[in-house]
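One structure below.
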Amino acid sequence: MTKSTIVLADDHRVVIEGIKSALRDVPEFEVIGEATDGWEALKIADALRPDIMVLDISMPGLSGIEVVKRIKQTVPDIKIVIYTMHSSKEFVTDLFGTGVSGYVLKEDPVSDLILSLKAVTDGATYVSTMVSNLLLKHMKEPIEDPFNSLSLREQEIFKNLAEGISIKEIADKLFISPKTVESHKYNVMEKLRVTSLTELTKIAIKKNLIKF
């Protein structure tokens, strides 16, 4: 049987030993190297060219994220499985964006890690059940409308601007200075993430705040 070679990279020796222990009963895998910091992981990946690297995100010297980016530039054929305590959506999406093949949490059963190794060996992508549930939960969360972050005064300024009323006219109408109107205008555009009055007007039309 041809074995898939693995390098383990984690700054906690107990984690490395735990993975090695779990893999002793899985004959299709062979651990050929270990690293306890990011630079060492990078050096071993380049020297040993394993089939798979199991990598933590929080590594001294060079973060796991940076290790992934550099490995994918120098040894792109290595399949990388992230094994970490970090479960935020940003970490998961960013790392899959850089080319990892699997993502397993340390609080998942170790059997999930073994499943991930088998999956990536077969060319598949693997996300543990816990990570998958976290991503699904995030997808179901309602997207916050930035318009709701506007104060009542900012909403008033927004509507007047969208109607094409000049800064001076708005200032006279609301009994405030043109400088104050300009300040509100800046805040409104920043909160709504727009860069022009045209974009501002489109939002107002979509919300039926003005007639087109």
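The chain is numbered in sequence order, starting from 1.
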Side-chain polar contacts of residues 62-70 - donor-acceptor pairs under 3.5 angstrom, sequence neighbours left out - could you list them?
from: S63; atom 1: OG; to: E66; atom 2: N; distance (Å): 3.2
from: E66; atom 1: OE2; to: R70; atom 2: NE; distance (Å): 3.2

Mind checking side-chain hydrogen bond (donor to acceptor under 3.5 Å, both in side chains) for [X] and listing every partner two or more places apart, or none if nothing turns up?
X: D112; answer: none
X: E40; answer: T36
X: S87; answer: none

To the nearest 0.5 angstrom, please state how far the [atom1] atom of [X] sits from the [atom2] atom of [Y].
X: D10; Y: I16; atom1: CG; atom2: CD1; value: 5.5 Å
X: L161; Y: L200; atom1: CG; atom2: CG; value: 6.0 Å
X: I203; Y: R193; atom1: CD1; atom2: CZ; value: 9.0 Å
X: D56; Y: L8; atom1: CG; atom2: CG; value: 11.5 Å
X: L113; Y: Y126; atom1: CG; atom2: OH; value: 9.0 Å
X: I57; Y: D11; atom1: CD1; atom2: CG; value: 12.0 Å

What are the two closest heavy atoms between [X] and [Y], and how far apart are they?
X: R153; Y: I176; value: NH2-CG2, 4.2 Å
X: P178; Y: A171; value: N-CB, 3.6 Å
X: V75; Y: A45; value: CG2-O, 4.3 Å
X: M130; Y: D108; value: CB-OD1, 3.1 Å
X: K79; Y: G123; value: CE-CA, 4.4 Å
X: G33; Y: L48; value: CA-CD1, 4.0 Å

Return the set of residues passing salt bridge (Lys or Arg N to Asp or Glu O under 4.0 Å) with D46 (not counting sequence neighbours), or none when no residue passes. R49
Residue list, salt bridge (Lys or Arg N to Asp or Glu O under 4.0 Å) with K202, at least two apart or on another chain: none
Look only at the side chain of [X] and the backbone of [Y], and say whether a donor-acceptor pair between them is shorter than 3.5 Å.
X: E154; Y: V188; result: no
X: K20; Y: V31; result: no
X: T121; Y: L117; result: yes
X: D122; Y: A124; result: no
X: T5; Y: E30; result: no
X: K72; Y: I78; result: yes

Are I114 and V14 connected in the hydrophobic side-chain network, where two residues link if heavy atoms are under 4.5 Å apart? yes
Are V110 and I82 connected, step by step, through hydrophobic side chains (Ile, Leu, Val, Met, Phe, Trp, Tyr) whose heavy atoms are closer than 4.5 Å? no
Are any non-hydrogen side-chain atoms of [X] and [Y] less than 4.5 angstrom apart?
X: P146; Y: L192; answer: yes
X: V104; Y: V131; answer: no
X: I6; Y: L23; answer: yes
X: I157; Y: L174; answer: yes

For residues 148-168, which residue pairs qualify under ring-ring contact (aromatic ring centres under 6.0 Å, His included), counting only residues two or more places apart or in two chains? F147-F158
With sequence neighbours left out, the residues meeting ring pair (Phe, Tyr, Trp, His ring centres under 6.0 Å) with Y103 are none
Just list the side-chain donor-acceptor pairs under 3.5 Å for residues 180-187, sequence neighbours left out, or say none.
from: T180; atom 1: OG1; to: S177; atom 2: OG; distance (Å): 2.9
from: N187; atom 1: ND2; to: S183; atom 2: O; distance (Å): 3.4

Listed partners of T74 passing side-chain contact (heavy atoms from CB on, under 4.5 Å), at least two apart: none
S196: partners by side-chain contact (heavy atoms from CB on, under 4.5 Å), with sequence neighbours left out: T198, E199
Pairs where residues 164-180 contributes a residue and the test salt bridge (Lys or Arg N to Asp or Glu O under 4.0 Å) is met, not counting sequence neighbours: K168-D172
